[in-house]
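Below: one structure, written as structure tokens.
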Amino acid sequence: MTTPVLPRHLGFELMRVTEQAALAAGRWMGLNQPEAADRAASLAMQQMFSTLEIDGRLVIGEDAKLGPDIPLHSGQALGTGRGPAVDIVADAIDGCRLLAQGHGTAVSVAAAAPRGTLWAPVPAIYMDKIIVGKAVGAALVPECLDAPAAWTLALVARAVGKRVGDLVVFVLARPRHDALVAEIRRAGARVMLSPDGDVLGALLAITPNSGVDLLMGIGGVPEGVIAACAVRAAGGAMLGRLAPQSAAEREALLAAGLDTRQILDDERLVSSNQVFFAATGITDGPLLRGVHYLGDRATSNSLILRGETHGRRQIITEHLLGE
């Protein structure tokens, strides 16, 4: 099968999608209604996707975790059906609980690559991952996923020319990470714990001078595939492996013929450099400003990454709001 050549403007089209999701999500900031916020943002994202001239397919959604009654689900057709055949991954709100509680750093994200090039381990829910920036690159080896945290931290420190004590590691604040966090602290590195925002953590890890050197730990599979797109587009490096967190999930993976021992790098998670990634801030964060409503207008701040050039654009948009 011939891989289609994706249009250079696809990143901007994805940005239109994340902008609309962010505009819808921002209205729910601090209202403590995460499910309603996520549904509103997902519907806005779905509606904007329907205008794109692509033959799109959402390769993996959160239906394995949240059930089939969600606006964006695995295998869903997206776009007009005309144009290039593409794989899509998207999350209307990365950091939904943060948004609901009125905290910063929530973002809307989407990525696209040629059909058949994105890893899609349906019905997986969780995966273990390590994500680093371009400076570490090929120094990240598969053994890192099984090695003690101190070994991996020493490897990263050497690659970036820092001491281990200079490193900052992004980890989701979950009970499953208590032992990992203790290991990182014993090694002398610092920890940035976040209650949510797996994709944002990946973006911080691959962004120079962000204050975060790497991401470690277990998070969602859809978020992991989205992160892999950003990593591939930015020239960073990533390792991932399925990490079922329940007997039911493990049985579902076995029934689907998925190997829970296989370690994949970013080039196997995303097997094309024709990858586009877009993110729009919902609430103010370290990389992107959130949506700000100004009566009949609103402003948004977005990031676009393109894999073929490793190009990176930050865009501020002013939107005229309807009645």
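Everything quoted here is computed from the prediction, not taken from an experiment.
- Side-chain contact check for D284 and H292: at least one donor-acceptor pair (N or O, by modelled atom type) lies under 3.5 Å.
- Geometric assessment of R306 against the ring of F277 yields a negative cation-pi assignment under the 6.0 Å and 45° thresholds.
- Ion pair R186/E183 not flagged as a salt bridge, since none of the NZ, NE, NH1 or NH2 atoms sits closer than 4.0 Å to an Asp/Glu carboxylate oxygen.
- C229 approaches L118 most closely through the heavy-atom pair SG-CD2, 3.7 Å.
- Of the possible donor and acceptor atoms, one in the side chain of Q274 sits under 3.5 Å from a partner among the backbone N and O of L6.
- I304 places none of its side-chain heavy atoms less than 4.5 Å from the side chain of L14.
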**Request:** Begin from the C-alpha positions of T299 and T317 and carry the test side-chain contact (heavy atoms from CB on, under 4.5 Å) through to its verdict.
**Result:** CA-CA 6 Å; T299 60; T317 305; over 6 Å; no

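- The shortest non-hydrogen separation linking V109 to M45 is O-CE, 3.7 Å.
- Using a 4.0 Å cut-off between charged side-chain N and carboxylate O, D213 and K162 make a salt bridge.
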**Request:** Report the C-alpha separation of H177 and L172 in whole Å, then their side-chain angles, then the decisive distance to 0.1 Å, and conclude whether the side-chain contact (heavy atoms from CB on, under 4.5 Å) test is met.
**Result:** CA-CA 7 Å; H177 290 148; L172 285 177; 4.1 Å; yes

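- For the atom pair OG1 (T51) and CD (Q20), the distance works out to 9.0 Å, reported to the nearest 0.5 Å.
- Between the side chain of E318 and the backbone N or O of A298 there is no donor-acceptor pair closer than 3.5 Å.
- Hydrophobic clustering (ILVMFWY, side-chain heavy atoms < 4.5 Å, transitive): I218 and I125 are in one cluster.
- Cluster annotation: V212 is not connected to L193 through the hydrophobic network of ILVMFWY side chains, with a link wherever side-chain heavy atoms come within less than 4.5 Å.
- The closest side-chain donor-acceptor pair between T280 and T18 falls under 3.5 angstrom.
- Checked by atom type, the side-chain pair S300/R289 shows no donor-acceptor distance below 3.5 Å.
- With hydrogens and angles ignored, the 3.5 Å screen pairs a side-chain donor or acceptor of R232 with a backbone N or O of V270.
- Of the possible polar contacts, none joining the S50 side chain to the G79 backbone as a donor-acceptor pair under 3.5 Å is found.
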**Request:** For the pair Y126 and L242, evaluate side-chain contact (heavy atoms from CB on, under 4.5 Å) and give the outcome as yes or no after the intermediate values.
**Result:** CA-CA 6 Å; Y126 292 102; L242 296 177; over 6 Å; no

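- The closest side-chain heavy-atom distance from I263 to D146 is below 4.5 Å.
- The cluster map of Ile, Leu, Val, Met, Phe, Trp and Tyr, joined by side-chain heavy atoms under 4.5 Å apart, puts L288 and V231 in the same cluster.
- In this structure a side-chain-to-backbone donor-acceptor pair under 3.5 Å is missing from S272 to P114.
- Here the side chain of N32 pairs no donor or acceptor atom with the backbone of Q101 at under 3.5 angstrom.
- Rounding to the nearest 0.5 Å places CD1 of I184 at 7.0 Å from CG of L214.
- A side-chain donor from one of N301 and Q314 sits under 3.5 Å from a side-chain acceptor of the other.
- In this structure, R261 CZ and D259 CG are separated by 4.5 Å, a value rounded to the nearest 0.5 Å.
- When all heavy atoms are compared, the tightest approach of A187 to L153 is CB-CD1, 3.8 Å.
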**side-chain contact (heavy atoms from CB on, under 4.5 Å) assessment of C144 paired with L155** = CA-CA 9 Å; C144 291; L155 180 150; 4.2 Å; yes

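- A donor-acceptor pair under 3.5 Å is absent between the side-chain atoms of D296 and the main chain of L321, judged by distance alone.
- In terms of modelled atom types and a separation under 3.5 Å, the side chain of Q46 and the main chain of P71 share a donor-acceptor contact.
- Comment: R163 engages D166 in a salt bridge, judged by a side-chain N to carboxylate O separation of less than 4.0 angstrom.
- Contact annotation: the side chain of D91 approaches that of I226 to within less than 4.5 Å [non-hydrogen atoms, C-beta and beyond].
- With respect to D55 and R115, a salt bridge is recorded, a charged nitrogen being found less than 4.0 Å from a carboxylate O.
- Here the side chains of L52 and V17 are in contact, with some heavy-atom distance below 4.5 Å.
- Using a 4.5 Å cut-off on side-chain heavy atoms (C-beta onward), I130 and M238 make no contact.
- Distance check, rounded to the nearest 0.5 Å: OG of S42 to CG of L72 gives 5.0 Å.
- Ion pairing between K129 and D198 holds under the 4.0 Å rule for side-chain N and carboxylate O.
- F12 and R313 get closest at one heavy-atom pair: CZ-CD, 3.7 Å.
- In this structure, the side chain of S210 engages the main chain of T207 through a donor-acceptor pair within 3.5 Å.
- Note: the hydrophobic cluster containing V225 does not contain F276 (ILVMFWY, side chain heavy atoms under 4.5 Å, direct or indirect links).
- In terms of heavy atoms, A90 sits closest to F49 at CB-CE1, 4.2 Å.
- F170 and V132 sit in two unconnected hydrophobic clusters of ILVMFWY residues. Membership requires side-chain heavy atoms under 4.5 Å apart, directly or through other members.
- By the 4.5 Å heavy-atom criterion applied to side chains, L305 and H310 are not counted as neighbours.
- Between the CE atom in M127 and the CG atom in L239 there is a gap of 9.5 Å [rounded to 0.5 Å].
- Contact of the M15 side chain with the I315 side chain is registered, since non-hydrogen atoms from C-beta on lie closer than 4.5 Å.
- Rounding to the nearest 0.5 Å gives a distance of 11.5 Å between OG of S271 and CG of D266.
- When all heavy atoms of G240 and L145 are compared, the pair lying nearest together is C-CD1, 4.0 Å.
- Side-chain N or O atoms of S246 include one that pairs as donor or acceptor with a backbone N or O of E249 at under 3.5 Å.
- Using a 4.5 Å cut-off on side-chain heavy atoms (C-beta onward), H319 and E19 make contact.
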